[in-house]
Chemist: 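This is the structure I have questions about; it appears just below.
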Amino acid sequence: MLDLKFIRNNLELVREMLSARRVELDLDEFTGLDNRRREILADYEALRHRRNVVSKEIGLLKKEGKDASSLQEEAKSIGPKIGRMEEELREVEAQLDALMYSIPNVPHSTVPLGETEEDNELVKIWGELPEFGFEPRPHWEVGEELKILDLKRAAKITGARFALYWGAGALLERALINFMLDLHTREHGYTETLPPFMVNSASMTSTGQLPKFADDLFKIDGWDFWLVPTGEVPVTNIHRDEVLSAEDLPLKYTAYTPCWRAEAGSHGRDVRGIVRQHQFNKVELVKFAHPDGSYNELEALLQDAEEVLIKLELPYRVVTLCTGDLGFAAAKTYDIEVWIPSQGVYREISSCSNFTDFQARRANVRFKGPGKSSSEYVHTLNGSGLAVGRTVVAILENHQQADGSVIVPHVLRPYMGGMEKIAV
RNA sequence: GGAGAGAUGGCCGAGUUGGCUUAAGGCGCUCGCCUGCUAAGCGAGUGUAGGGGCAAAAACCUCUACCGAGGGUUCGAAUCCCUCUCUCUCCGCCA
């Protein structure tokens, strides 16, 4: 969330930002609640002060064996007043909080203005689009014919939007996870973590999924546990309520996790294949950075994610999300989109964002420099490195052959027992 | 699931017959002194959030809250009572 004082002192800027993001929010309500809260608080604290003074006086009198009954009577009458004001205060603060939690992050100055994904800004295009000499088939046809992908049985086991992999398909998924983790830990300097795949409400609130986006999540019945929608949630919460040392920044973590998403509101989109699933695997990159260097860290993070596609010989492009397409907690986001031959479009395979201090304020992650008496919020960043299921899609489609087989990218072969080609 | 012990500032750790505790003391950190260098020593400072002084930023002053979380008792709670969470020990169950 944003800093209360920042909103108070930059109302116009916040108003413009909200409209650029196409978020309808009543900022006059903010001003009213903010003022009301401070009014009540002043009276409330004055009363508590009075009670503290009187109570202390009573203690002293009693110690001397003197009578304190008149003071005790006054103190007794203060209690209920404090109680009433507390209730009022709590109500106003709850409303103010709700409003604060619904205000998205302020976009960085380099983020293009725009309304939809049509307005995203192209940053770069990498790789040659494959020439097939035949009509490229969609990944579900390729996968089912090779008997490595089985969506029918997955639907029987669980339901729509789940996948069952067989043989070389399962191996391919596992190989990709290992390849990505190895690349990021050995060549890009990330520390591997393996976090819990369920998190509590506090963790979901820190990273911004709650309270606004509960509909997108799976909740465990009877527990305050949620299935993680992305590794970002457990990994960013590693340092919740901690004060880090400035010299340790940036901290760079990578994690493999499955991701679960309810995909509410996406009925009818990507119904075929495994582009949009309720459960998919992802290797995530997360950074805790010094505010001064966070945008450089974003460029580096993007490069780390791109490297995966380059090594897998998959053509892609990079776009900067415009203000209207930007996620709730992000100040700036690059999407990496991989080429999908059967559809003739680029599809998102990684999203790399700088959240500045938006998540850090919610999660209370700070750092302290040597010699500094006060601490500051860190900047958090994350990106997919990459979404594994969609990487499988890209490999099956881009590396498919006329005979129905699929060439295994060179870097993956050591992870697949030397297999060069997936064939029936 | 059963029995017991515990949770206090960046870290360690005292305080639990309710009131000179304004959370002792130590470590760490910062500044200063001392000093061929380093170490040690000496002195001072050092939690977070919010409100007000103050229109804005810093400094300062002041008030309020915070001793795992939430309630309660009381004029007054780190301290007493209740509920919950987590950690540790033992038992049970278990991959």
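Residue numbers begin at 1 in each chain, while the letters A, B, ... track the order of the sequences. Every heavy atom of this structure was used, including side-chain atoms; hydrogens, water molecules and symmetry mates were not.
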Chemist: Could you state the atom-to-atom distance from CD of A/E247 to C1' of B/G28 in whole Å?
Modeler: 12 Å
Chemist: Between B/U79 and B/G68, how far apart are the P atoms? Round to whole Å, please.
Modeler: 8 Å
Chemist: To the nearest 0.5 angstrom, please state how far the CG atom of A/L396 sits from the CD1 atom of A/I407.
Modeler: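 The CG atom of A/L396 sits 12.5 Å away from the CD1 atom of A/I407.
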Chemist: How far apart are the closest heavy atoms of A/I422 and A/L146, and which atoms are they?
Modeler: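 In this case the closest contact between A/I422 and A/L146 is O-CD2, 3.7 Å.
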Chemist: List every contact pair, protein side and nucleotides 57-62 of chain B side both N or O, where the distance is under 3.5 Å.
Modeler:
unit_1 : atom_1 : unit_2 : atom_2 : d
B/A57  : OP1    : A/N9   : ND2    : 3.2

Chemist: Taking B/A95 as the reference, what is the distance to B/C80 when you measure between their P atoms (whole Å, please)?
Modeler: 42 Å
Chemist: Heavy atom of residues 33-43 of chain A under 4.0 Å from RNA chain B: which residues?
Modeler: A/R37, A/R38, A/L41
Chemist: Suppose you measure atom C1' in B/C66 against the same atom in B/A23; what distance do you get, rounded to whole Å?
Modeler: 12 Å
Chemist: Determine whether the side chains of A/S294 and A/H379 contain a donor N or O and an acceptor N or O closer than 3.5 Å.
Modeler: yes
Chemist: Salt bridge check, A/R36 against A/E88: does any charged N sit closer than 4.0 Å to a carboxylate O?
Modeler: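 Salt bridge flag = yes for A/R36 with A/E88.
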Chemist: More 5' along RNA chain B: A/R8 or A/V53, using each one's nearest nucleotide?
Modeler: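 Its nearest nucleotide being more 5', the pick is A/R8.
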Chemist: Select one nucleotide: of B/G10, B/U64, B/G19, the one nearest the side-chain heavy atoms of A/E45.
Modeler: B/U64
Chemist: Please confirm whether the shortest side-chain N or O distance from A/H49 to OP1 or OP2 of B/C63 is below 4.0 Å.
Modeler: no
Chemist: So, does A/S384 use its side chain to make a donor-acceptor pair with the main chain of A/E284 at under 3.5 Å?
Modeler: no
Chemist: If the P atom of B/G10 is compared with that of B/C67, how far apart are they to the nearest Å?
Modeler: 14 Å
Chemist: Closest approach of A/Q400 and A/V406, non-hydrogen atoms and distance?
Modeler: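 For A/Q400 versus A/V406, the nearest heavy atoms are CA-CG2, 4.2 Å.
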Chemist: In whole angstrom, give the distance that lies between atom CD of A/E57 and atom P of B/G19.
Modeler: 17 Å
Chemist: To the nearest Å, give me how far apart CD1 (A/I82) and P (B/G51) are.
Modeler: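 In whole Å, B/G51 P and A/I82 CD1 are 20 Å from each other.
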Chemist: For A/N105 and A/A330, which heavy atoms make the closest approach, and how far apart are they?
Modeler: CB-O, 3.6 Å
Chemist: Considering non-hydrogen atoms only, spot the tightest contact between A/P229 and A/F280 and give its length.
Modeler: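 Where A/P229 meets A/F280 most closely, the heavy atoms are O-CZ, 4.5 Å.
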Chemist: Does one side chain, of A/N200 or A/S203, offer a donor that lies under 3.5 Å from an acceptor on the other?
Modeler: yes
Chemist: For nucleotides 76-82 of chain B, which of its nitrogen or oxygen atoms have a protein nitrogen or oxygen under 3.5 Å away, and what is each distance?
Modeler:
unit_1 : atom_1 : unit_2 : atom_2 : d
B/G76  : OP1    : A/R51  : NH1    : 3.2
B/G76  : O4'    : A/S55  : OG     : 3.1

Chemist: Pick the P atom in B/U38 and in B/C33, then give their distance to the nearest Å.
Modeler: 14 Å
Chemist: Determine the stems involving RNA chain B; a stem requires 3 or more consecutive pairs of the Watson-Crick or G-U wobble kind, each with both distances below 3.5 Å, and the answer is none if no such run exists.
Modeler: B:1-7 with B:85-91, B:10-12 with B:25-27, B:28-33 with B:41-46, B:47-53 with B:60-66, B:68-72 with B:80-84
Chemist: Side chains of A/Q359 and A/T380: do they bring a donor and an acceptor to under 3.5 Å?
Modeler: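 Judged by distance alone, the side chains do pair up.
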Chemist: Expressed as a whole number of Å, how far does the P atom of B/C27 sit from that of B/G18?
Modeler: 33 Å
Chemist: Of all the heavy-atom pairs spanning A/K252 and A/H188, show the shortest one and how long it is.
Modeler: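 Minimum heavy-atom contact is NZ-O, 2.8 Å.
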Chemist: By the 4.0 Å heavy-atom rule, please label A/R50 as base, sugar-phosphate, or nothing.
Modeler: nothing
Chemist: Can A/Q209 and A/T207 be counted as having a side-chain donor-acceptor contact under 3.5 angstrom?
Modeler: yes
Chemist: Quick check: on RNA chain B, is the nucleotide nearest A/L4 upstream (toward 5') of the one nearest A/K76, or the reverse? Name the residue that is more 5'.
Modeler: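 By nearest-heavy-atom nucleotide position, the 5'-most residue is A/L4.
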Chemist: Rounded to whole Å, how long is the line connecting atom CZ of A/R361 with atom C1' of B/A49?
Modeler: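 Rounded to whole Å, this separation is 13 Å.
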Chemist: In whole Å, I'd like the distance from the CG atom of A/D97 to the C1' atom of B/G50.
Modeler: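 Taking CG of A/D97 and C1' of B/G50, I get 13 Å after rounding.
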Chemist: Output the residues of residues 193-211 of chain A in contact with RNA chain B, where contact means a heavy atom of the residue under 4.0 Å from an atom of the strand; sort by number or write none.
Modeler: none
Chemist: A/I78 CD1 to B/U64 C1': how many Å, rounded?
Modeler: 14 Å
Chemist: Rounded to the nearest 0.5 Å, what separates atom OH in A/Y334 from atom CD in A/E299?
Modeler: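 It is 3.5 Å, given to the nearest 0.5 Å.
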Chemist: For atom P, what is the distance between B/G19 and B/G15, given to the nearest Å?
Modeler: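 Comparing P positions in B/G19 and B/G15 gives a spacing of 14 Å.
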Chemist: Which pair of heavy atoms, one from A/A331 and one from A/V106, lies closest together, and at what distance?
Modeler: CB-O, 3.5 Å
Chemist: Please state how far atom CG in A/L89 lies from atom P in B/G51, giving the value in whole angstrom units.
Modeler: 11 Å
Chemist: With respect to the phosphate group of B/G71, does any side-chain polar atom (N or O) of A/R90 fall under 4.0 Å of OP1 or OP2?
Modeler: yes
Chemist: To the nearest Å, how far apart are A/K56 NZ and B/C75 C1'?
Modeler: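 One finds 14 Å between C1' of B/C75 and NZ of A/K56, rounded.
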Chemist: Between B/G13 and B/U85, how many Å separate the two C1' atoms, rounded to a whole number?
Modeler: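 Here B/G13 and B/U85 have their C1' atoms 24 Å from each other.
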Chemist: Could you tell me the separation between the CG atom of A/L47 and the CD atom of A/E86, rounded to the nearest 0.5 Å?
Modeler: 11.0 Å
Chemist: What pairs of donor and acceptor atoms, side-chain ones from residues 302-312 of chain A against any protein atom, are under 3.5 angstrom apart with sequence neighbours left out?
Modeler:
unit_1 : atom_1 : unit_2 : atom_2 : d
A/D304 : OD2    : A/Y190 : OH     : 2.6
A/E306 : OE1    : A/K124 : NZ     : 2.7
A/E306 : OE1    : A/Y316 : OH     : 2.6
A/E306 : OE2    : A/K124 : NZ     : 3.4
A/E307 : OE2    : A/K311 : NZ     : 3.1

Chemist: Tell me whether A/R48 is salt-bridged to A/E45, with the criterion being a basic N under 4.0 Å from an acidic carboxylate O.
Modeler: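 Salt bridge flag = no for A/E45 with A/R48.
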Chemist: Would you please indicate if the ring centroids of A/F367 and A/F288 are separated by under 6.0 Å?
Modeler: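 No, the ring of A/F367 stays outside the 6.0 Å limit from the ring of A/F288, centre to centre.
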